[in-house]
Amino acid sequence: MHKVTSLPADDSQCGWYHTSAVRTPRPGHEGVRTARWAIIGAGLTGLAAARRLAERFPNDEIVLIEAQEVGFGPSGRNAGFAIDLPHDIGADDYIGDITTARTVLDLNLVGQQYLKQTVEAHGIDCHLRASGKYQAAVEDSGVAVLDAYRRGLDKLGQAYEVVDGEVLASHIGTRFYRKALFTPGTMLVQPSAMVKGLADTLPANVTLYEHTPITGVDYGDKVTLHHARGQIVADTLLLTNNAFAMHFGFLRGRMLPIFTYGSLTRPLTLQEQAALGGKDFWGLIPAHPFGTTLRRTHDNRILVRNSFSYNADGQPRERCLRRFVKRHRTSFERRFPMLKEVPFDYTWGGSLAMSRNHESQFGQLAPNVYGALCCNGLGITRGTATGKLLADWLAGERNPVIDFLLASPGPNANPPALLLDIGVNLNLAWTQFTAGQEC
Ligand SMILES: Cc1cc2nc3c(=O)[nH]c(=O)nc-3n(C[C@H](O)[C@H](O)[C@H](O)COP(=O)(O)OP(=O)(O)OC[C@H]3O[C@@H](n4cnc5c(N)ncnc54)[C@H](O)[C@@H]3O)c2cc1C
């Protein structure tokens with residue numbers, strides 16, 4: 001039996017989780033059962049894969065297994081930007097090869113449309129809004145990024161609006177930024193509310209087991225999944241558990257579990273809202289990838305996201321939370337001096353699966369085992385799209401987006417583990433430092 005050596009154990013302070021509707025998790029699995037399909041990981045990728053498999057194979061039984069509770073893991077603790085546009089940080093104009101960029105745009109749109117369609121069809125109350133996003137800069141280097149990205153968007157034929165700092169202040173209330181690019185295609189969402197809703201509206205031929213961490217696997221003609229209270233035997237296994245797939249024996253040393261951190265204020269009072277001004281719902285990402293993401297939420301809170309750490313086992317570190325809440329506070333007060341007295345209600349961290357070459361993994365991993373893994377921090381659209389398309393491909397579909405995913409070389413190898421721990425954390429700290437005021 002292959003033993004799973006690390007299990008997810010996210011911190012309990014995610015603001016999105018606590019401020020979304022309470023739901024009763026589905027019971028954990030007990031005993032022994034069989035199914036045609038088993039999927040490990042009920043985040044955005046697994047939820048999309050399960051839904052699509054059920055649509056494609058209405059007579060098959062699909063089992064979706066989650067170690068924690070749906071909405072509690074990374075899919076419920078992100079910043080809620082469902083982004084349409086490609087942003088290739090390795091290219092001069094952030095768009096790079098135009099054919100690739102067009103396909104990535106199509107891929108992201110598959111994810112956005114599948115989410116929108118499902119949320120609307122089931123009336124999922126998750127504040128999903130096509131509100132666009134600002135990408136904003138304060139440093140010279142950040143302004144240069146925006147100028148380069150603008151050239152890339154022209155090349156791709158995508159709409160944007162350049163927003164000067166003064167005008168931006170009238171949109172979002174802070175005079176902190178010099179310039180922004182507004183792109184209209186991003187949707188913003190309450191992520192935990194969305195995944196809870198997606199879980200509660202799965203088709204009837206999907207059985208979801210929560211609080212069922214898989215601790216061992218026998219690979220073979222059938223795949224047997226072991227956990228503390230029983231076994232699940234499936235013809236085919238889909239891994240949609242991001243960097244934790246390394247503990248199932250796949251892509252070892254190729255994915256990096258990088259944590260990033262969010263804080264959510266309490267709701268602003270009417271007086272504070274008046275002092276802030278601007279629109280009542282917006283989202284802003286930084287020009288520098290290590291800068292600060294901000295949102296004003298549907299319930300009038302401000303979200304701050306920044307800071308990264310490399311936690312090789314995929315588990316949170318209390319000391320990181322303690323350190324990064326201070327950075328969140330500094331970033332918040334720099335931008336919103338008029339809200340200095342507004343405290344954070346919640347501060348949390350969550351894992352991204354990153355690869356050094358920014359490639360993801362899609363397709364077959366072994367006989368009977370498939371994966372949609374490593375969405376490099378863009379899981380809302382990309383995770384949803386790859387989960388859906390994996391099911392489509394297993395149902396025999398081929399199209400240019402599926403072919404593009406299958407042609408990817410996948411995540412490349414990392415340097416040896418010892419160097420990696422020190423190297424990645426030093427590199428993160430240095431890059432964070434170079435973000436300057438953008439952070
Ligand atoms: C603070 C923060 C902000 C972010 N902001 C954004 C954003 O604005 N937009 C965006 O697109 N992305 C964002 N991301 C990234 C996004 O959250 C991830 O890319 C996304 O969650 C990936 O989805 P997934 O379903 O592939 O994996 P996950 O959400 O990681 O789901 C995998 C699931 O597998 C389960 N699992 C793992 N091992 C086992 C096991 N042994 N047994 C059973 N279950 C197991 C885990 O519990 C987990 O729930 C952000 C992330 C963080 C942390």
Side-chain angles (χ1 to χ4, degrees), residues 3-11 14-16 28-29 38-50 64-84 108 111-112 115 133 186-189 191-192 194-195 198-199 209-217 225-228 232 239-248 255 257-264 283-285 293 295 303-309 314-316 324 328 347-354 360-361 371-387:
K3 266 186 82 119
V4 175
T5 45
S6 186
L7 294 170
D10 286 303
D11 68 67
C14 174
W16 297 122
H29 177 252
I39 304 173
I40 299 181
L44 286 148
T45 309
L47 286 161
L64 175 60
I65 306 148
E66 171 55 47
Q68 309 184 97
E69 188 183 321
V70 173
F72 189 83
S75 287
R77 54 181 63 221
N78 55 62
F81 288 69
I83 297 178
D84 54 336
N108 293 343
Q112 262 200 351
L115 281 175
K133 68 164 167 34
T186 289
M187 299 194 300
L188 297 175
V189 68
S192 190
M194 180 164 74
V195 286
L198 292 172
Y209 295 114
E210 295 175 70
H211 295 298
T212 305
I214 298 300
T215 52
V217 193
L225 305 173
H226 300 266
H227 60 84
I232 297 167
L239 286 176
T240 55
N241 55 349
N242 239 345
F244 281 100
M246 292 193 288
H247 301 286
F248 286 74
M255 289 189 277
I258 304 280
F259 274 60
T260 185
Y261 297 83
S263 285
L264 206 51
L284 178 150
I285 62 166
T293 296
R295 276 188 62 183
L303 169 88
V304 179
R305 187 222 47 88
N306 63 36
S307 306
F308 295 90
S309 65
Q315 295 188 354
F324 294 138
H328 287 176
T347 298
W348 67 94
S351 173
L352 315 168
M354 306 295 283
S360 8
Q361 183 72 32
L373 301 161
C374 197
C375 40
N376 282 291
L378 283 175
I380 299 187
T381 48
R382 201 174 174 117
T384 302
T386 54

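The basis for the numbers below is simple: all heavy atoms, side chains too, and nothing from hydrogens, waters or symmetry mates. One-based numbering, in listed order, for ligands and for the atoms of each. Remember, predicted model here, so these are calculated numbers, not experimental data.
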Test of understanding: given a 4.0 Å heavy-atom threshold, classify the contact between [X] and ligand 1 as side chain, backbone, both, or neither.
X: F72; value: neither
X: A67; value: both
X: C375; value: side chain
X: V70; value: neither
X: R305; value: side chain
X: N242; value: side chain

### Query
Could you state the interatomic distance from CD1 (I285) to CZ (R295), rounded to the nearest 0.5 Å?
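It comes to 12.5 Å.
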### Query
What is the distance from atom CG of N242 to atom CG of L44, rounded to the nearest 0.5 Å?
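So the CG of N242 and the CG of L44 are separated by 10.0 Å.
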For ligand 1, which atoms, with element, lie under 4.0 Å from some heavy atom of [X]?
X: G350; value: 53 (C)
X: F244; value: 37 (C), 38 (N)
X: T240; value: 32 (C)
X: L44; value: 25 (O)
X: G377; value: 10 (C), 11 (O), 12 (N), 13 (C), 14 (N), 15 (C)
X: I380; value: 9 (N), 10 (C), 11 (O)
X: F81; value: 7 (C), 8 (O), 9 (N), 10 (C), 11 (O)
X: G41; value: 33 (C), 34 (O), 35 (C)

### Task
Return yes when P8 approaches ligand 1 closer than 4.0 angstrom through a heavy atom, no otherwise.
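Yes, P8 has a heavy atom closer than 4.0 Å to ligand 1.
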#### Entry: Test item, T212 contacting ligand 1 (heavy atom, 4.0 angstrom)
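Within the 4.0 Å threshold, so yes.
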### ligand 1 to G46 polar contact by distance, N or O atoms, under 3.5 Å
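Such a contact does not occur with ligand 1.
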#### Entry: ligand 1 N/O within reach of S75 N/O, cut-off under 3.5 Å
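Looking only at distances, the answer is yes, because the N/O contact criterion of under 3.5 Å is met.
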### Message
Tell me the nearest of T260, L303, T384 to atom 2 (C) of ligand 1, using heavy-atom distances.
### Response
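Among T260, L303, T384, the closest heavy atom to atom 2 (C) of ligand 1 comes from T260.
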### Query
Among I285, I65, L352, which one has a heavy atom closest to atom 15 (C) of ligand 1?
L352
